[in-house]
*Asks:* 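One structure follows; several queries about it will come next.
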Amino acid sequence: MFPMKADQSMTSGSLFPQHSSLSIEEFNNLGWEQDNDCNNNCIRGDPREKVLRAHRIFRRTRSLNAPSPFQQFGPCGRIMKNSAMVMQIQDPASQRLTWYKPPLTVLVIKKVSDASVLAPFVQLVDWLLQEKNMVVWVESAVLEDAHLNEDVKFKAIREKLVTFKDGRDDLTDRIDFIVCLGGDGTLLYASQLFQQSVPPVMAFHLGSLGFLTPFRFDNFEEQLTSVLEGHAALTLRSRLRCVMHRKGDKRQEAKVEANADARPAANSILVLNEVVIDRGPSPYLSNIDLFLDGKYITSVQGDGLIVSTPTGSTAYAAAAGASMIHPSVPAIMVTPICPHSLSFRPIVVPAGVELKVSVSPESRNTSWVSFDGRNRQELFHGDSLRVTTSIYPVPCICAQDQISDWFASLADGLHWNVRKRQKCLDELSDLTASGSEDTLDEMENMKLRTRSLNAPSPFQQFGPCGRIMKNSAMVMQIQDPASQRLTWYKPPLTVLVIKKKDSQVLLPFVQLVEWLVQEKHMVVWVESAVLEDKLLRDDVKLENESAKFRQVHGDYCGVRERFLALREKLVTFKDGRDDLTDRIDFIVCLGGDGTLLYASQLFQQSVPPVMAFYLGSLGFLTPFQCDNFQEQVTNVLEGHAALTLRSRLRCSIHRKGERRKESLQPAGSSLLKPSHHRYLNYIELNNGASSGANNNYCNPHMSSNNSILVLNEVVINRGPSPYLSNIDIFLDGKYITSVQGDGLIVSTPTGSTAYAAAAGASMIHPSVPAILVTPICPHSLSFRPIVVPAGVELRISISPDSRNTSRVSFDGRNDQELNHGDSLRVTTSIYPVPSICSQDQISDWFDSLAEGLHWNVRKRQKCLDELSDLTASGSEDTLDEFDNLKIYDASGSSLDT
């Protein structure tokens with residue numbers, strides 16, 4: 001992908017901004033050299049790279065961010081451009097610490113009441129003063145340590161220290177650099193001290209868990225010198241901005257909303273791990289209402305609720321059963337504490353939403369709120385707590401890189417997926433010798449870590465001196481998902497109607513097709529198998545059919561006559577033979593979730609906008625009802641619709657011995673081989689290029705001939721073998737862990753509510769750019785599902801000592817064997833599925849959770865007294881929203897019935 005500025009647009013099928021003076025012919029004649037080992041057939045070569053940069057065109061490198069989605073959906077569909085909703089994000093590949101000016105002041109935070117930290121503390125402070133000539137700040141309480149004051153070396157440097165008092169002195173813009181000595185609590189304390197921009201933090205492991213403290217103290221001089229010279233990668237750990245609104249204080253609420261994050265209000269707190277709402281000393285269940293962007297979502301009846309950052313997902317949230325999220329994923333985790341519900345699974349929502357938490361009007365008690373374990377206060381009836389992501393992250397310095405540090409912390413601190421490895425059947429068997437060289441080499445060289453990348457933050461100044469190294473070539477544009485609305489580049493003319501193979505769908509199908517042809521004058525495409533449906537044919541020999549079929553065939557006589565009158569006007573295609581690329585403007589699905597998965601499988605590049613009607617079983621991905629389809633379809637065709645861009649995974653299998661070939665060849669699936677010639681013709685049609693375009697032209701938008709895109713998940717399992725699967729996982733070339741169990745699920749956020757949910761994973765909103773990795777029945781007590789950034793590449797291979805091979809399936813199709821020496825590579829595709837929303841992204845998803853999966857459904861607890869003061873003390877907002885809950889129930893019945 002090539003990033004564009006907000007005011008640039010991309011012509012249909014073109015790789016170049018419109019203002020570029022570089023023509024297709026000139027670009028093709030530069031003599032690009034193809035590298036088949038690159039996932040997207042990348043382009044290399046210094047002279048041509050200079051030409052790209054001269055024309056302000058830059059290749060994206062590997063990023064932990066999701067790749068910029070391709071925003072052309074079929075020949076007609078686009079995302080409506082809104083420059084005000086575009087955010088500039090620097091590619092994390094270039095995010096390294098740089099000093100705007102040499103750092104002079106350093107704050108040293110040490111673990112309190114721990115004698116083992118005293119000697120390292122004195123040694124560090126003395127070195128900073130004597131060798132680096134820095135001004136060292138410490139908390140005033142440090143000087144009151146009796147054991148420290150007995151140290152002769154400390155007495156000599158005590159007068160040179162600058163002290164501050166927590167809660168009294170403001171350190172904003174006074175500290176250039178922070179060093180923490182102790183456990184994770186020292187980093188949380190550093191975050192609490194700085195409620196705006198935080199200086200870069202270097203944390204040494206001298207505590208208990210050490211999940212956030214990657215540095216060892218043995219050679220601190222060398223490590224600190226390297227950081228002070230600007231040689232360091234950063235992990236930007238997002239924080240949550242929490243604001244308490246007391247009942248009746250409307251003016252304070254308006255003032256806080258006006259100030260937003262520009263200057264934190266006096267009653268706002270930034271937390272690094274989590275904000276916890278619990279029942280406190282009360283013996284009753286907490287009864288807490290949760291709102292998201294002003295919409296009522298659910299009520300928590302249990303011990304409480306945890307709202308955490310990705311950093312906090314490995315803290316209290318992990319103890320409460322949540323999946324663990326990499327710090328670079330822009331998200332907020334919502335986890336119940338011991339909910340009195342069998343269906344309250346933790347959820348992951350996009351980082352930009354605002355959560356509002358209040359005590360339910362009928363709650364028997366109040367609640368208590370704590371922020372990173374501090375500032376505990378009571379939440380009364382009528383009060384509310386508002387939580388959103390702050391623009392001020394904590395810039396943590398990495399010991400190695402973002403990927404290596406995080407997985408090392410999972411293994412060392414939490415013993416994630418630690419168990420004895422299963423032996424193979426024969427230590428000298430062919431199985432152990434059949435692993436690919438790549439796998440064996442990487443297993444032996446696990447310590448050799450390459451760079452890993454971090455999710456950026458809009459605010460990139462860390463104290464007076466710290467910055468992220470600027471690189472204009474590595475800046476990309478991200479449009480706010482909430483502003484993603486459908487617009488038509490030209491009026492849609494062709495529509496593909498996909499129906500479920502179910503007799504109950506026939507009448508809605510015929511009604512829809514009839515209306516599209518006669519009223520909208522559209523060209524309707526259907527699969528050829530539809531015409532072969534016996535219920536829609538009048539030449540069926542009924543004497544050869546069952547009595548039940550003859551009865552149903554007679555019942556559908558009127559439907560059949562209406563369909564036969566339309567039959568000659570329909571255009572048909574055959575799955576596996578005909579390529580629909582650039583032929584379809586719009587897709588309508590009638591049935592269940594499988595119809596949307598089938599639409600995704602048909603289009604292995606850009607997918608036209610999809611409108612899915614609920615006529616199936618679960619209906620999680622089908623938000624529309626068929627009752628008034630004419631009005632709803634007309635509204636969409638006029639361009640009045642919000643979109644959910646559902647990311648897909650790009651999967652390719654590399655067979656043993658075929659280093660530079662991907663050999664995914666599903667039988668009879670020519671749709672997995674997009675036509676290069678067709679794509680060049682499309683570029684020529686839209687850009688006026690001559691028909692003699694260079695066939696060596698490399699298009700980064702094209703899927704490889706040997707890859708497949710999946711909307712839900714790719715599943716690796718043991719198949720018919722009685723033995724455990726033994727699968728190795730690599731992330732961006734680094735060995736991470738091995739799965740010993742029934743298998744592994746790699747899913748999109750859309751797929752997090754499918755097989756992954758059945759396997760125990762948290763459920764992720766489709767707008768969160770991430771990949772979910774979930775084990776299937778792992779033979780390990782500590783293998784919790786993990787959420788990694790969308791831009792990484794996962795490589796999965798059979799362990800050299802595995803007793804068996806594995807099977808791989810893609811959205812439940814194209815099942816094939818993964819042999820020893822083969823590998824499966826998975827990353828996020830640039831081609832999402834643009835699903836049209838019935839309401840909006842938030843409402844549709846939570847409605848699906850409630851209606852399809854009965855998420856957190858249980859009887860509501862009654863208050864102690866229907867006429868008590870507790871019920872009358874709810875805020876007006878809360879009571880009004882409860883009176884209007886019916887608007888969120890598509891069935892028209894009250895949610896509490």
Side-chain angles (χ1 to χ4, degrees), residues 1-19 66-87 350 352 476-497 516 519-523 525 580-589 596 599-600 603 605-613 623-624 629-648 682-683 685-687 701 766-767 830-844:
M1 284 292 295
F2 296 88
M4 297 183 295
K5 292 190 174 181
D7 59 349
Q8 293 174 352
S9 61
M10 183 176 286
T11 57
S12 301
S14 173
L15 301 176
F16 309 102
Q18 288 181 343
H19 73 273
S68 297
F70 194 60
Q71 298 184 354
Q72 175 182 327
F73 311 122
C76 299
R78 303 287 192 278
I79 283 183
M80 186 180 297
K81 296 297 182 182
N82 186 348
S83 59
M85 303 299 289
V86 174
M87 179 175 60
M476 60 184 293
Q477 304 287 335
I478 296 293
Q479 184 166 349
D480 185 351
S483 70
Q484 291 171 349
R485 299 192 64 83
L486 174 65
T487 184
W488 298 105
Y489 181 69
K490 56 184 178 181
L493 298 176
T494 59
V495 56
L496 169 63
V497 179
L516 288 171
E519 299 295 329
K520 293 300 179 180
H521 307 291
M522 299 187 75
V523 179
W525 288 59
L580 300 182
T581 304
D582 302 331
R583 296 184 179 183
I584 304 298
D585 299 334
F586 180 43
I587 301 175
V588 178
C589 294
L596 189 62
S600 169
F603 294 85
Q605 292 186 45
S606 174
V607 184
V610 183
M611 187 176 188
F613 286 90
F624 289 93
F629 73 88
Q630 298 94 336
E631 178 183 346
Q632 297 178 95
V633 174
T634 299
N635 201 38
V636 170
L637 293 176
E638 291 175 354
H640 308 303
L643 286 177
T644 294
L645 298 190
R646 299 183 179 274
S647 63
R648 294 193 287 179
Y682 186 71
I683 292 178
L685 179 64
N686 288 278
N687 295 278
H701 295 313
S767 295
I830 63 171
Y831 298 110
V833 174
S835 299
I836 297 172
C837 300
S838 174
Q839 303 174 68
D840 55 66
Q841 295 175 338
I842 296 297
S843 302
D844 281 11

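Side-chain atoms are counted along with the backbone in the values below, which use heavy atoms only and exclude waters and symmetry mates. Not measured: the values here are computed from a predicted model. Here, residue 1 is the first one in the sequence, and each next residue gets the next number.
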*Asks:* For Thr487, which residues count as a side chain to side chain donor-acceptor pair (under 3.5 Å) partner, sequence neighbours excluded?
*Replies:*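 Counting only residues at least two positions away or on another chain, Thr487 forms no side chain to side chain donor-acceptor pair (under 3.5 Å).
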
*Asks:* Please report the shortest heavy-atom distance between Arg583 and Thr494, naming the atom on each side.
*Replies:*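 Answer, listing the atom of Arg583 first, then Thr494: O-OG1, 2.9 Å.
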
*Asks:* Who pairs with Ser600 by side chain to side chain donor-acceptor pair (under 3.5 Å), at least two apart in sequence or on another chain?
*Replies:*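 In terms of side chain to side chain donor-acceptor pair (under 3.5 Å), with neighbours along the sequence ignored, Ser600 is linked to Arg648.
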
*Asks:* Give the minimum heavy-atom separation between Val636 and Ala641, together with the two atoms involved.
*Replies:*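 Nearest heavy atoms, Val636 then Ala641: CG2-CB, 4.2 Å.
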
*Asks:* How many angstroms lie between atom CE of Met611 and atom CD1 of Ile587, to the nearest 0.5 angstrom?
*Replies:*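 Atom-to-atom, Met611:CE and Ile587:CD1 are 13.0 Å apart.
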
*Asks:* Going by the rule side chain to side chain contact (heavy atoms under 4.5 Å, CB included), which residues pair with Pro834 if we only count those two or more places apart in sequence or in a different chain?
*Replies:*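 Partners of Pro834 by the side chain to side chain contact (heavy atoms under 4.5 Å, CB included) criterion, ordered by chain and then number, come out as Phe73, Val607, Leu643, Leu645.
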
*Asks:* How would you list, by chain and number, every residue that makes a side chain to side chain donor-acceptor pair (under 3.5 Å) with Lys490, sequence neighbours excluded?
*Replies:*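 For Lys490 there are no side chain to side chain donor-acceptor pair (under 3.5 Å) partners, ignoring immediate neighbours.
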
*Asks:* Are Glu519 and Gln630 packed together at the side-chain level, in the sense that at least one heavy-atom pair is separated by less than 4.5 angstrom?
*Replies:*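 No. Closest side-chain heavy atoms not under 4.5 Å.
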
*Asks:* Evaluate the criterion side chain to side chain contact (heavy atoms under 4.5 Å, CB included) for residue pair Trp525 and Leu580; output intermediate values, then yes/no.
*Replies:* CA-CA 10 Å; Trp525 288 59; Leu580 300 182; 3.7 Å; yes

*Asks:* Cys76 and Pro491: which non-hydrogen atoms are nearest, and at how many Å?
*Replies:*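 Heavy atoms of Cys76 and Pro491 come nearest at SG-O, 3.9 Å.
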
*Asks:* Which atom names give the shortest non-hydrogen contact between Phe586 and Ile836, and what distance separates them?
*Replies:*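 Closest heavy-atom pair between Phe586 and Ile836: CE1-CD1, 3.7 Å.
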
*Asks:* Below 4.5 Å, heavy atoms only, C-beta onward: do Leu496 and Pro608 meet side chain to side chain?
*Replies:*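 Not in contact.
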
*Asks:* The criterion is side chain to side chain donor-acceptor pair (under 3.5 Å); which residues satisfy it with Ser606, sequence neighbours excluded?
*Replies:*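 None.
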
*Asks:* For Phe613 and Val633, run side chain to side chain contact (heavy atoms under 4.5 Å, CB included): C-alpha distance rounded to whole Å, both residues' side-chain angles, the deciding distance at 0.1 Å, then the answer.
*Replies:* CA-CA 10 Å; Phe613 286 90; Val633 174; 3.9 Å; yes

*Asks:* Keeping Ser647 on the side-chain end and Pro832 on the backbone end, is there a donor-acceptor pair under 3.5 Å?
*Replies:*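 Side chain of Ser647 to backbone of Pro832: no pair is present.
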
*Asks:* Quick check for you: to the nearest 0.5 Å, what is the distance between Trp488 atom CH2 and Leu493 atom CG?
*Replies:*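 Reported to 0.5 Å precision, the distance equals 10.5 Å.
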
*Asks:* Counting N and O atoms only, with roles assigned by atom type, does the side chain of Asp844 sit under 3.5 Å from a partner on the main chain of Gln839, one being a donor and the other an acceptor?
*Replies:*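 Checking the backbone N and O of Gln839 against the side chain of Asp844, a donor-acceptor pair under 3.5 Å is found.
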
*Asks:* Under the side chain to side chain contact (heavy atoms under 4.5 Å, CB included) test, which residues partner Asn635, sequence neighbours left out?
*Replies:*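 Partners of Asn635 by the side chain to side chain contact (heavy atoms under 4.5 Å, CB included) criterion, ordered by chain and then number, come out as His640.
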
*Asks:* Let me confirm one number: the OG1-CD1 distance from Thr644 to Ile842, rounded to the nearest 0.5 Å.
*Replies:*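 Here the rounded value is 9.0 Å.
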
*Asks:* Measuring from atom CZ of Arg485 to atom CG of Asp840, what distance do you get when rounded to the nearest 0.5 angstrom?
*Replies:*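 If we round to the nearest 0.5 Å, Arg485:CZ and Asp840:CG are 9.5 Å apart.
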
*Asks:* Which heavy atom of Pro492 sits nearest to which heavy atom of Met522, and what is that distance?
*Replies:*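 Closest pair (atom of Pro492, atom of Met522, distance): O-CE, 3.6 Å.
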
